[in-house]
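Okay, structure first, notes after.
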Amino acid sequence: MKVIWGKEIVDRDKVNIDFEDRGYQFGDGVYEVIRIYNHTYFCVDEHIDRFFTSAEKIEMRMPLTKAELKALITELLKESAVKNGSIYIQMTRGNASPRDHSYPSQDVVPLLTGSITASERKIEKMKNGMRTTLEDDIRWLRCDIKMISLLGNIMLKHEAHKKNADEAILHRGDIITECSSSNIAMVKNGAIYTHPDGNLILPGITKIVWKSCAEKLNIPVYEQAFTTEELLNADEVFISSTTKEVMPISKIDDKTFDVSKKGSITRLLQSCYEKEIVKQCGDLTN
């Protein structure tokens, strides 16, 4: 298996993470997940832009340009036989000794790694919906940075799984923020509502795409906070992420939602989103 290691494509068994790597010791790093359909990446430029933005927010210098990173990702994809899946890229601040909480000298070179994993679209769940649970948002206050230190997200996802749910919907007080690994939106009276971008949520790439779809479909979108009570009284609820695409929610704790309606806003967005995939990556039935 070929992977990205620094600025090269190498065999995976050649990779060796140093004990002093700050990603290993502190979770000091950023990452991105880029979807692959038909052996072609989707929204790669948007993901690379967010990757660089996350690095900038933690004052991590990038050892390569956006064009060089895209070339590496392209080369890795060419080396892979994976038709449908995801590219995972990660940048840690690099090796610094002795261990110290402070940022090390700018002489320390950040470490880039990347790999490809095969996975198919979640067609059945996109049809029947996901079960979710409401959980207190216990994460830190810089959720806009796509950090590798995801313990809060993992704990919340685990709480959802213990309750036989697929995803945790998070709230601070009575305000809904996002999910443990996706953005969330609700539909009420023909309009879509979703939490505005800011420090409390990750600015989603999939969210950018479905918002563009909504504009094409003349569906109003309001980026404003809403409460848990408003969420539970919504007409429809959906979540979005790179791997989940536009995913309807069938249940929040004990509250159920009818996801069978063909003409629902969620279904319209799913159809439009799929067309965007086909436009960039080709026919999904191949």
Side-chain angles (χ1 to χ4, degrees), residues 122 125-144 150-211 213-215 217-241 244-270 272-273:
K122 297 176 172 63
K125 287 191 181 294
M126 282 192 276
K127 177 182 177 182
N128 297 321
M130 275 190 169
R131 294 166 296 179
T132 62
T133 179
L134 285 167
E135 303 291 342
D136 285 322
D137 194 343
I138 61 171
R139 304 170 302 164
W140 73 324
L141 296 176
R142 291 306 308 273
C143 301
D144 56 310
L150 291 171
L151 185 56
N153 302 67
I154 291 167
M155 292 170 66
L156 291 162
K157 178 80 82 171
H158 182 61
E159 285 302 311
H161 284 179
K162 286 196 294 184
K163 298 172 183 176
N164 200 32
D166 302 296
E167 177 66 298
I169 299 175
L170 313 182
H171 59 92
R172 294 183 186 264
D174 67 343
I175 298 297
I176 298 295
T177 50
E178 57 181 348
C179 299
S180 61
S181 60
S182 51
N183 293 132
I184 184 169
M186 71 171 195
V187 177
K188 189 69 176 179
N189 298 327
I192 303 171
Y193 297 83
T194 188
H195 197 290
D197 287 347
N199 66 296
L200 297 182
I201 74 165
L202 183 72
I205 304 303
T206 304
K207 181 179 173 182
I208 292 172
V209 179
W210 71 246
K211 281 171 56 184
C213 284
E215 184 177 359
L217 295 165
N218 294 315
I219 300 168
V221 177
Y222 299 101
E223 295 191 74
Q224 63 186 53
F226 52 86
T227 66
T228 54
E229 182 179 0
E230 289 170 323
L231 177 70
L232 293 173
N233 285 291
D235 299 325
E236 304 170 43
V237 180
F238 66 88
I239 60 177
S240 59
S241 74
K244 298 180 185 71
E245 299 179 17
V246 176
M247 180 72 66
I249 295 304
S250 59
K251 194 170 186 179
I252 303 176
D253 291 331
D254 295 326
K255 172 65 185 264
T256 58
F257 294 84
D258 182 7
V259 299
S260 63
K261 295 177 289 186
K262 289 185 178 180
S264 70
I265 284 178
T266 303
R267 295 302 180 199
L268 291 173
L269 292 178
Q270 283 182 321
C272 180
Y273 189 89

Verdict with reasoning, D144 to L202, per side chain to side chain contact (heavy atoms under 4.5 Å, CB included): CA-CA 4 Å; D144 56 310; L202 183 72; 5.8 Å; no

So how far is it from E230 CD to D174 CG, rounded to the nearest 0.5 Å? 8.5 Å

Over all atoms of both residues, closest heavy-atom pair of T194 and K207: CG2-CE, 3.6 Å

Examine the side chains of T206 and K244 and answer whether a donor and an acceptor come within less than 3.5 Å of each other. no

N/O donor-acceptor pair under 3.5 Å between S182 side chain and C179 backbone: no

Please check: side-chain N/O of K188 versus main-chain N/O of A234, any donor-acceptor pairing under 3.5 Å? no

Before you tell me yes or no, could you show the steps for F238 and V259 under side chain to side chain contact (heavy atoms under 4.5 Å, CB included), namely the whole-Å CA-CA distance, both residues' side-chain angles and the distance that decides it to 0.1 Å? CA-CA 10 Å; F238 66 88; V259 299; over 6 Å; no

Verify whether one side chain among N153 and S180 offers a donor that lies under 3.5 Å from an acceptor in the other. no

Is a salt bridge present between E178 and R139, judged by a nitrogen-to-oxygen distance below 4.0 Å? yes

Euclidean distance, I252 CD1 relative to I184 CD1, rounded to 0.5 Å: 5.5 Å

So CE of M186 and CD1 of I176: to nearest 0.5 Å the spacing works out to 9.5 Å

Do you see a donor-acceptor pair shorter than 3.5 Å between the side chains of T133 and D253? yes

N199 (side chain) donor-acceptor with R142 (main chain) under 3.5 angstrom: no

In terms of heavy-atom contacts, V246 and P248 come closest through O-CD, 3.8 Å

Which is it for K262 and L268 under the side chain to side chain contact (heavy atoms under 4.5 Å, CB included) test, yes or no, and what are the steps along the way? CA-CA 8 Å; K262 289 185 178 180; L268 291 173; over 6 Å; no

For the aromatic rings, using the six-membered ring if either is Trp, is the centroid distance between Y222 and Y193 under 6.0 Å? yes

Closest non-hydrogen atom pair, M155 against I138: CE-CD1, 4.1 Å

Grab the two heavy atoms, one from G190 and one from P220, that are nearest each other, plus how far apart they are. O-CD, 3.7 Å

Would you check if the side chain of R267 reaches a backbone N or O of K127 as a donor-acceptor pair within less than 3.5 Å? yes

Checking D235 side chain against N189 main chain: does a donor-acceptor pair fall under 3.5 Å? yes

Is it true that atom CD of E223 has more than 12 heavy atoms of other residues, nucleotides or ligands lying nearer than 6.0 Å? yes

To the nearest 0.5 Å, atom OG1 of T177 lies from atom CG of N183 at 9.5 Å

Indicate yes or no for a side-chain donor-acceptor contact from S250 to the backbone of M130 under 3.5 Å, with no hydrogens or angles considered. yes

Does S240 form a side chain to side chain contact (heavy atoms under 4.5 Å, CB included) with W210? I'd like the steps, not just the answer. CA-CA 8 Å; S240 59; W210 71 246; 3.1 Å; yes

Is there a salt bridge (charged side-chain N to carboxylate O under 4.0 Å, His left out) between E245 and K125? Walk through the geometry before answering. CA-CA 11 Å; E245 299 179 17; K125 287 191 181 294; over 6 Å; no

Less than 4.5 Å apart, side chain to side chain, heavy atoms only: is that true for L269 and C213? yes

How far apart are the C-alpha atoms of R131 and E167, what are their side-chain angles, what is the distance that settles it, and do they pass the salt bridge (charged side-chain N to carboxylate O under 4.0 Å, His left out) test? CA-CA 7 Å; R131 294 166 296 179; E167 177 66 298; over 6 Å; no

State the NE2-CG distance between H161 and L156, to the nearest 0.5 angstrom. 11.5 Å

Closest non-hydrogen contact found for D136 with H171 is OD1-CE1, 2.9 Å

Is there a donor-acceptor contact under 3.5 Å linking the side chains of T266 and E236? yes

Gap separating the CD1 atom of I219 from the CD1 atom of I192, nearest 0.5 angstrom: 5.0 Å

Other residues, nucleotides and ligands only: do more than 12 of their heavy atoms fall within 6.0 Å of CD on Q224? yes

Derivation of the side chain to side chain donor-acceptor pair (under 3.5 Å) call for S181 and K157: CA-CA 8 Å; S181 60; K157 178 80 82 171; 2.8 Å; yes

